[in-house]
Amino acid sequence: MQVEETELAGVLLFRPTPHHDERGLFTRTFDAAIAREHGVDLGEAAQDSQSRSRRGVIRGLHGRSGRGEAKLVRCAHGVILDTVIDIRPDSPTFGRRLQVRLDDTAFTHLYVPPGMLHGFQALSETADVCYRIDRPHDPDEDIAVRYDDPDLAIDWPLPVTVVSARDAQAPSWRSLLSALGRDRG
């Protein structure tokens, strides 16, 4: 398994090496020892979750307040465009974003450290996304920013087919900046 740093501080890509033969394939989808070598420890209380989305669906942009949450994200079936935005006030990459294609061919995993907004768009007819999260969900810590906020100007590759009511009503990037005490642009 190869591990690559990205242009967002602390965000990593884990790239498994699938073994293909006449039966199909086998790949290790997670190795805690390799993850720990790169500073990733999702703890013993990790939560595994999965979503299934139809083509064009956008989920996000979601984050957590307080100490945030770390997550390891992979697309188990289909293809997504995953988007991460750094909202850590003291980070050298604050406000920057990363977009990564995740699919069921390369099995790349995206490590999202605490203090990030996260969302994705399903690019295939169906996309199953798996999340390994470092702590239980607390709805009181949920934060969100609109997926189509003009200040973020995210280039989603497909027309948006469905978003949740929560995502459609999410506050703006400027509102989040104000809440974080970073009232700029």
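Just so you know, residue 1 is the first one in the sequence shown, and it goes up from there.
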Derivation of the side chain to side chain contact (heavy atoms under 4.5 Å, CB included) call for V100 and L13: CA-CA 9 Å; V100 178; L13 294 173; 3.9 Å; yes
Audit row: R97, I154, side chain to side chain contact (heavy atoms under 4.5 Å, CB included) steps and yes/no: CA-CA 9 Å; R97 80 167 161 258; I154 296 171; 3.8 Å; yes
With side chain to side chain contact (heavy atoms under 4.5 Å, CB included) as the test, would you mind laying out the steps for I80 and L123 before giving the verdict? CA-CA 5 Å; I80 65 169; L123 304 182; 5.5 Å; no
Evaluate side chain to side chain contact (heavy atoms under 4.5 Å, CB included) for D148 paired with V160, printing each intermediate quantity in order. CA-CA 10 Å; D148 62 352; V160 178; over 6 Å; no
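Remark: E69 CD to H118 NE2 distance equals 9.5 Å, nearest 0.5 Å. A distance of 5.0 Å separates CG of D82 from CG of L102, quoted to the nearest 0.5 Å. Atom SG of C130 sits about 10.0 Å away from atom CG of L72, to the nearest 0.5 Å. Going from atom CD of E7 over to atom CG of D86 covers 11.5 Å, rounded to the nearest 0.5 Å.
Two residues are said to be in side-chain contact when any heavy atoms from C-beta on lie closer than 4.5 Å; T17 and M1 fail this criterion. Residues V145 and P171 have side chains not in contact (no heavy-atom distance under 4.5 Å, counting atoms from C-beta outward). A heavy-atom distance below 4.5 Å is not found between the side chains of L12 and T6. Side-chain contact between I58 and F120: absent, with no pair of heavy atoms (C-beta onward) separated by less than 4.5 Å. No side-chain heavy atom of V84 sits under 4.5 Å from any side-chain heavy atom of L117. Under the 4.5 Å side-chain criterion, counting only non-hydrogen atoms from C-beta, I143 is in contact with I87. Between V163 and V57 there is no side-chain heavy-atom pair separated by less than 4.5 Å. Inter-residue side-chain proximity for S51 and Y131 is flagged as met; some heavy-atom pair is nearer than 4.5 Å.
Criterion: ILVMFWY side-chain heavy atoms under 4.5 Å apart, direct or through other members. Under it, L61 and L81 are not part of a common hydrophobic cluster.
Within a 6.0 Å sphere centred on CD of Q2, heavy atoms belonging to other residues, nucleotides or ligands number 12 at most.
With hydrogens and angles ignored, the 3.5 Å screen pairs no side-chain donor or acceptor of T93 with any backbone N or O of R96. The main-chain N or O of R36 is never found under 3.5 Å from a side-chain atom of D41 such that the two would form a donor-acceptor pair. Distance alone, capped at 3.5 Å, places no donor-acceptor pair between the D103 side chain and the G78 backbone. S53 places no side-chain N or O within 3.5 Å of a backbone atom of A122 that could act as its donor or acceptor partner.
Considering every non-hydrogen atom in both R135 and G68, the closest pair reads NE-O, 2.6 Å. When all heavy atoms are compared, the tightest approach of G56 to Q121 is O-NE2, 3.2 Å. Residue A127 comes nearest to V79 through the heavy atom pair CB-O, 3.9 Å, listed as atom of the first residue, atom of the second, then distance. Contact record, A70 with P114: CB-CD, 3.8 Å, taken as the closest heavy-atom pair. Shown here for A9 and P113, the closest heavy-atom pair between the two residues is O-CG, 4.3 Å.
For the 3.5 Å distance criterion, the side chains of R74 and T108 fail to qualify, holding no donor opposite an acceptor. Between the side chains of Y147 and T83, no donor N or O sits under 3.5 Å from an acceptor N or O. Donor-acceptor pairing under 3.5 Å is recorded for the side chains of S175 and S172. H62 and D142 are not linked by any side-chain donor-acceptor pair at a separation below 3.5 angstrom, with hydrogens and angles left out of the test.
Partner of R55 under the side chain to side chain contact (heavy atoms under 4.5 Å, CB included) criterion, chosen from V162, T161, L158, T126: L158.
In summary, E4 and R15 engage in a salt bridge, as defined by a charged side-chain N under 4.0 Å from a carboxylate O. Salt bridge absent: R88 and D90 never bring a charged side-chain N and a carboxylate O closer than 4.0 Å. Looking at R174 and D151, a side-chain N of the basic residue comes within less than 4.0 Å of a carboxylate O on the acidic one, giving a salt bridge. Ion pairing between R64 and E141 holds under the 4.0 Å rule for side-chain N and carboxylate O. Taking 4.0 Å as the cut-off between side-chain N and carboxylate O, R132 and D48 count as a salt-bridged pair. A salt bridge links D128 with R52; the closest basic N to acidic carboxylate O contact falls under 4.0 Å.
Classification of the F14-Y111 ring pair by plane angle, with boundaries at 30° and 60°, yields perpendicular.
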